[in-house]
Amino acid sequence: MRAYLTRRYWFSASHRLHCDSMSAEENLSTYGKCNNPHGHGHNYAVEVTVAGGVEPKTGMICNLAELDSFVDEKIVQRFGHENLNMLTEFQRVVPTTENLCIEIYRILEQGFRHAEVDKVRIEETWLNSFEYAGGREIRH
């Protein structure tokens, strides 16, 4: 039997949406106020969904403490209170929340071995949320 577990985490970070290969005018028309040279910040809510069989002995997909520890060490501590533009991961891509979502999924998929990573969802604001499922169609 396949089951899903979604856990929510929070961190704050800043970024500036800017593409070096575009002109100042193109950047402004594409990113608007998010192209502010001083950047801006968000309080991100990150939902990590993992999937797998329910372990008969524990009744769980995976140990929540292991998931929490991994996400805290590899994601919250990595991105929290950072200017995303300054991080290695975003030296060649614009640090949009779409790209942040993909990067967090990649980190989980490459390192978390206690369950299958199903998807990552990030709420950037009350109006914006983004999901990534490794190229698969997202189930709702």
Side-chain angles (χ1 to χ4, degrees):
M1 175 174 50
R2 185 171 180 80
Y4 297 86
L5 161 69
T6 300
R7 191 84 159 154
R8 191 169 250 233
Y9 305 92
W10 293 267
F11 66 86
S12 299
S14 67
H15 64 171
R16 177 188 186 206
L17 302 186
H18 183 85
C19 178
D20 289 337
S21 66
M22 293 171 28
S23 70
E25 294 78 21
E26 288 174 303
N27 272 293
L28 189 57
S29 76
T30 301
Y31 301 118
K33 65 182 181 181
C34 296
N35 184 243
N36 180 328
H38 304 289
H40 63 283
H42 295 285
N43 295 315
Y44 294 103
V46 178
E47 292 180 357
V48 173
T49 301
V50 295
V54 175
E55 166 36 66
K57 184 176 179 179
T58 65
M60 299 188 305
I61 297 167
C62 70
N63 184 321
L64 286 176
E66 291 171 340
L67 180 59
D68 289 348
S69 176
F70 184 90
V71 171
D72 182 61
E73 180 184 335
K74 302 294 185 182
I75 295 166
V76 173
Q77 290 183 35
R78 173 73 181 133
F79 299 113
H81 303 287
E82 294 289 339
N83 177 339
L84 300 178
N85 298 78
M86 300 297 136
L87 300 178
T88 306
E89 294 90 336
F90 299 107
Q91 293 305 297
R92 290 188 167 79
V93 296
V94 179
T96 60
T97 304
E98 293 93 321
N99 282 329
L100 178 61
C101 202
I102 292 167
E103 182 60 22
I104 289 173
Y105 182 95
R106 185 193 66 74
I107 291 167
L108 284 158
E109 188 167 66
Q110 288 181 355
F112 188 70
R113 299 287 174 237
H114 304 284
E116 178 188 332
V117 179
D118 184 63
K119 70 177 178 180
V120 170
R121 179 177 179 274
I122 301 178
E123 285 184 13
E124 178 187 64
T125 70
W126 285 98
L127 300 174
N128 300 336
S129 67
F130 305 87
E131 295 182 14
Y132 183 71
R136 296 183 329 275
E137 186 174 325
I138 294 177
R139 62 170 182 80
H140 289 278

Joint hydrophobic cluster, [X] plus [Y], side-chain heavy atoms closer than 4.5 Å:
{"X": "V71", "Y": "L84", "result": "yes"}
{"X": "L64", "Y": "L108", "result": "yes"}
{"X": "V93", "Y": "I107", "result": "yes"}
{"X": "L67", "Y": "W10", "result": "no"}

Minimum heavy-atom distance between [X] and [Y], given as atom pair plus value:
{"X": "F130", "Y": "N128", "answer": "CE1-CB, 3.9 Å"}
{"X": "V120", "Y": "V46", "answer": "CG1-CG1, 4.1 Å"}
{"X": "S129", "Y": "R121", "answer": "OG-NH2, 3.4 Å"}
{"X": "F11", "Y": "L100", "answer": "CZ-CD2, 4.1 Å"}
{"X": "R2", "Y": "A51", "answer": "NH2-CB, 3.4 Å"}
{"X": "Y44", "Y": "I122", "answer": "CD2-CG2, 3.6 Å"}

Spacing of [atom1] belonging to [X] relative to [atom2] belonging to [Y], to within rounding of 0.5 Å:
{"X": "L28", "Y": "C34", "atom1": "CG", "atom2": "SG", "answer": "11.0 Å"}
{"X": "H81", "Y": "S14", "atom1": "NE2", "atom2": "OG", "answer": "11.0 Å"}
{"X": "F112", "Y": "I75", "atom1": "CZ", "atom2": "CD1", "answer": "10.0 Å"}
{"X": "I102", "Y": "E131", "atom1": "CD1", "atom2": "CD", "answer": "12.5 Å"}
{"X": "N63", "Y": "T58", "atom1": "CG", "atom2": "OG1", "answer": "8.0 Å"}
{"X": "F90", "Y": "N85", "atom1": "CZ", "atom2": "CG", "answer": "9.0 Å"}

*Going by distance alone, is a donor N or O of one side chain under 3.5 Å from an acceptor N or O of the other, for D72 and Y9?*
no

*So, E124 versus T97: side-chain donor-acceptor pair below 3.5 Å or not?*
yes

Flag the pair [X] / [Y] as yes when at least one side-chain heavy-atom distance between them is below 4.5 Å, and no otherwise.
{"X": "V48", "Y": "T6", "answer": "no"}
{"X": "C62", "Y": "L5", "answer": "yes"}
{"X": "I104", "Y": "F79", "answer": "yes"}
{"X": "V50", "Y": "Y4", "answer": "no"}

Any sub-3.5 Å donor-acceptor pair from [X]'s side-chain atoms to [Y]'s backbone N or O?
{"X": "N99", "Y": "P95", "answer": "no"}
{"X": "Q91", "Y": "L87", "answer": "yes"}
{"X": "N27", "Y": "M22", "answer": "yes"}
{"X": "E82", "Y": "S12", "answer": "no"}

*Just one of H18, E26, H40 clears the side-chain hydrogen bond (donor to acceptor under 3.5 Å, both in side chains) bar with N35, so which one?*
H18

*Which one of K119, R8, R7 satisfies the side-chain hydrogen bond (donor to acceptor under 3.5 Å, both in side chains) criterion with E47?*
R8

*Would you call R106-E103 a salt bridge at under 4.0 Å N-O?*
yes

*Residues E89, R78; criterion salt bridge (charged side-chain N to carboxylate O under 4.0 Å, His left out); working and verdict*: CA-CA 11 Å; E89 294 90 336; R78 173 73 181 133; 2.6 Å; yes

*asked:* Applying salt bridge (Lys or Arg N to Asp or Glu O under 4.0 Å), can you list everything that pairs with R113, at least two apart in sequence or on another chain?
replied: none

*asked:* Please verify the inter-ring angle class for H15 with H42; under 30° counts as parallel, over 60° as perpendicular, anything in between as tilted.
replied: perpendicular

